[in-house]
Amino acid sequence: MKKLAVFAIIILIFGTVSPSLVNSVYAQNDPSILLPIAVQADKQIVNQLDKVYGDQIPNDIQILYDKGHGAVNQLDQSLPDDVEKAKQDFLLAMNSFMQISRIISQSSEKVVVVTVSDTSNRNLSDELDRLVKYVKSLETISKKYDIDTESDFIKIYDLIQELRKQANDLNEVSAGIKKIKIILDSIKNDIRESALEQRSDSIKRFFDRLLDQVDKQLTKAQDNGADQTQIDKGHELILEIRELLTKNQINDAKVIFVELKALMENIGYSIRIT
Amino acid sequence: MASFIEPIQLKQPLGDDGILFVRNESILDTMVKTPLLVASMIIVAALIPIQSSFSSTRDLDLIIYPDGSTHISTEIDIDPFLTDYELNLFGSTVDNLVVVGDNEFLLDASIMGDSVLIQTFGSSVITIDYDIHDLVSKQGRLWTFSLDSPSNFTLLLPKNSAIVGMINLPINMEIINDQNQLTLSPGKTEIDYLFSSTISNSIPDTNIETNYFPYAIIGVVSLIALIGSVIIIRSKQKNHKLMEPNEISKKNTTLDLETIFKLKSDLREDDKELVKFIFNSGGEALESELRKKFLQPRTTMWRAVKRLEREGVIEIEKKDLQNLVKLRKSMGEEE
């Protein structure tokens with residue numbers, strides 16, 4: 001019996017520790033990838049310096065470049081044996097190159113700082129590519145439901161094709177994208193409605209368990225001397241949610257549930273099934 | 001009044017006669033109750049996966065477009081007993097948000113500034129896809145990507161872009177359709193890149209080159225398999241004459257595509273494309289190859305492969321820490 005217990009302990013210890021061992025091995029850095037990244041960056045920096053300064057590279061930049069280039073050479077020598085040194089060399093090289101590229105970009109004659117979040121700076125072709133990805137994911141989801149969206153998607157793809165031809169006309173493309181998004185919002189609503197119908201049974205079961213729990217919490221709050229009007233309001237909301245659920249009005253039930261949740265937080269209880 | 005409690009330091013030494021002998025065998029029983037220890041270990045072992053599964057990012061994949069906007073695709077394990085889940089987005093200018101729960105059900109989500117409130121209602125895994133425009137800035141010709149990530153993530157850089165600076169160490173780097181894909185660790189990341197027509201993507205896919213240990217194992221296994229197959233072939237040669245011709249034809253490999261699609265007529269179009277690719281690759285392909293071919297995030301491809309496995313079209317084998325996807329030789333076997 002004792003031997004069995006000791007054996008069980010060993011197995012359990014091994015079972016507990018082994019997944020973390022595997023993970024750490026899997027996540028370990030692969031140092032050999034550092035060299036090609038640094039070499040490529042070095043080449044790009046040389047190109048940039050050549051284009052911008054020709055033979056007259058400013059002294060501070062030359063010092064930085066020498067530091068970075070030297071670190072790349074060191075990195076080459078450190079690999080594969082001295083991984084820690086290789087990591088330091090890599091970071092030193094990439095940091096030097098980063099400083100150089102930033103100095104070059106700041107010292108350009110016409111420095112334009114572009115905020116990508118500004119809609120006008122986005123590339124319309126890229127915008128359409130992203131839209132296609134979004135359309136495709138909704139199309140895949142919609143196929144799971146009993147909703148007729150095929151014609152809508154055909155219309156959307158036709159519109160996208162047309163917009164690609166007019167890629168230079170900013171206004172036209174922006175208006176087209178808005179139009180597509182309106183159709184997609186309507187499809188999304190249809191999917192949501194259909195999803196609710198299909199999920200209604202599981203959502204009802206989920207609510208049932210949740211409301212039972214809230215009921216118990218209200219009783220507990222009452223025992224602890226919470227405001228009676230809040231407790232009564234809580235019970236009223238529970239009844240209202242249950243009634244809406246019996247009528248299959250899940251969206252309305254969700255709205256009331258948000259109100260109930262806020263009320264419970266007000267009296268110091270967070271809603272969750274335990 | 002005399003004290004009944006005497007400090008241990010003041011106690012007189014026991015002397016030779018007073019030595020307390022304890023039998024070695026009973027130490028475990030005396031000091032630690034073995035069944036209690038076993039029970040505790042079972043509880044700890046059982047709790048570890050639960051703890052790590054609640055609200056943890058399973059996958060995070062980023063794709064940077066040439067205009068600097070970024071597509072984010074993430075899969076998160078969440079507490080299935082929550083009604084809703086609030087996720088911090090990586091910025092506030094978000095487009096094309098799609099949140100999908102268990103069984104690919106579309107979930108309600110409302111964006112509030114730089115976070116999103118998702119009504120999960122019992123989902124245990126959610127997949128979130130969105131485009132964000134806050135992660136990349138541009139100064140002159142230089143583009144800078146910045147992110148403070150809660151987990152490991154992959155970052156696919158645009159075509160013809162070259163990294164010219166970064167502040168942290170990458171875990172891995174791959175080339176996917178002439179684009180560099182980095183795998184990076186959690187924490188703050190800053191990467192400078194620029195576009196250049198002179199870029200040759202000469203960075204090799206070093207991931208395959210470096211890990212020699214699995215290859216050594218594969219080598220040993222292959223050697224054993226080779227020896228085994230030689231023995232089997234020799235023993236079969238003896239019985240060869242007794243084998244009927246239709247027995248041989250039964251050993252033929254996979255079904256043809258037409259038969260597969262006829263047997264599984266309700267397969268999705270994108271799944272059919274996967275099946276075609278696997279078929280054309282000799283009936284098997286690594287999941288990573290499928291991802292590269294179809295440019296799909298890890299999670300999407302994993303779900304597709306799982307779907308095909310459920311349909312009984314393919315089987316998944318582990319090969320060198322990767323998933324090898326094989327077309328099944330018979331579709332009716334386990335249905």
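To find a chain, count down the sequence lines: A is the first, B the second, and so on, and within it residues start at 1.
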Under a 4.5 Å heavy-atom cut-off, does chain B meet the side chain of A:L138, its backbone, both or neither?
side chain
Ignoring hydrogens, what is the shortest heavy-atom contact between A:F97 and B:V164? Give both atom names and the distance.
CB-O, 3.1 Å
Between A:S105 and B:Q139, what is the shortest heavy-atom contact and its length?
CB-O, 3.4 Å
Under the criterion salt bridge (Lys or Arg N to Asp or Glu O under 4.0 Å), I'd like the reasoning laid out for A:K143 against B:D270: C-alpha separation, chi angles, the key distance, then a yes or no.
CA-CA 12 Å; A:K143 282 176 184 165; B:D270 42 352; over 6 Å; no
Test of understanding: with side-chain contact (heavy atoms from CB on, under 4.5 Å), list the residues that count as partners of B:L156, not counting sequence neighbours.
B:I63, B:I176, B:Q179, B:Q181
Crowding at NZ, A:K67 (>12 non-hydrogen neighbours, <6.0 Å):
no
Do B:M173 and A:L34 make a side-chain contact, defined as non-hydrogen atoms from C-beta onward lying under 4.5 Å apart?
no
I'd like to know whether CD of A:E150 has more than 12 heavy-atom contacts from other residues, nucleotides or ligands below 6.0 angstrom.
no
Turns out that what part of A:Q48 lies under 4.5 Å from chain B's heavy atoms comes down to side chain
Taking every non-hydrogen pair under 4.5 Å, which of A:S194, A:S101, A:A41 racks up the most with chain B?
A:S101
Which atom pair, heavy atoms only, marks the closest approach of A:I191 to B:L106?
CG2-CD2, 3.6 Å
Picking from B:D129, B:V98, B:T183, B:D108, which has the most non-hydrogen pairs under 4.5 angstrom with chain A?
B:D108
Counting only heavy atoms not in A:K178, do more than 12 sit closer than 6.0 Å to its NZ atom?
no
Answer whether the closest heavy-atom distance between the side chains of B:P170 and A:I37 falls below 4.5 Å.
yes
Can you say whether A:K133 sits under 4.5 Å from chain B via the side chain, the backbone, both, or neither, judging by heavy atoms?
side chain
Under the ring-ring contact (aromatic ring centres under 6.0 Å, His included) test, which residues partner B:F294, sequence neighbours left out?
B:F277
Side chain, backbone, both or neither: which part of B:S92 has an atom under 4.5 Å from a heavy atom of chain A?
neither
A:S137, part contacting chain B, at a heavy-atom distance under 4.5 Å:
side chain
Salt bridge or not for B:E269 and A:K136, using N-O below 4.0 Å?
no
So, for A:R102 and B:D192, which heavy atoms are closest and what is the spacing to 0.1 Å?
NE-OD2, 2.8 Å
Output, in order, the C-alpha distance, side-chain angles, deciding distance and verdict of side chain to side chain contact (heavy atoms under 4.5 Å, CB included) for B:I163 and A:Q44.
CA-CA 8 Å; B:I163 299 166; A:Q44 285 303 317; over 6 Å; no
Please report the interatomic distance CD1(A:I103) to CG(B:L142), rounded to the nearest 0.5 Å.
11.5 Å
I need the minimum non-hydrogen distance between B:N168 and A:F90, along with the two atoms involved.
O-CE2, 3.8 Å
So how far is it from B:I171 CD1 to A:I33 CD1, rounded to the nearest 0.5 Å?
8.5 Å
Greatest number of non-hydrogen atom pairs under 4.5 angstrom with chain B, of A:L131, A:I100, A:L91, falls to A:L91
Closest non-hydrogen atom pair between B:M166 and A:M94, with its separation
O-CB, 3.4 Å
Check each atom of B:Q119 against the heavy atoms of chain A and say whether the ones under 4.5 Å are side chain, backbone, both or neither.
side chain
Paired with A:R130, the side-chain hydrogen bond (donor to acceptor under 3.5 Å, both in side chains) test is passed by just one of B:D67, B:D95, B:N96, namely B:D67
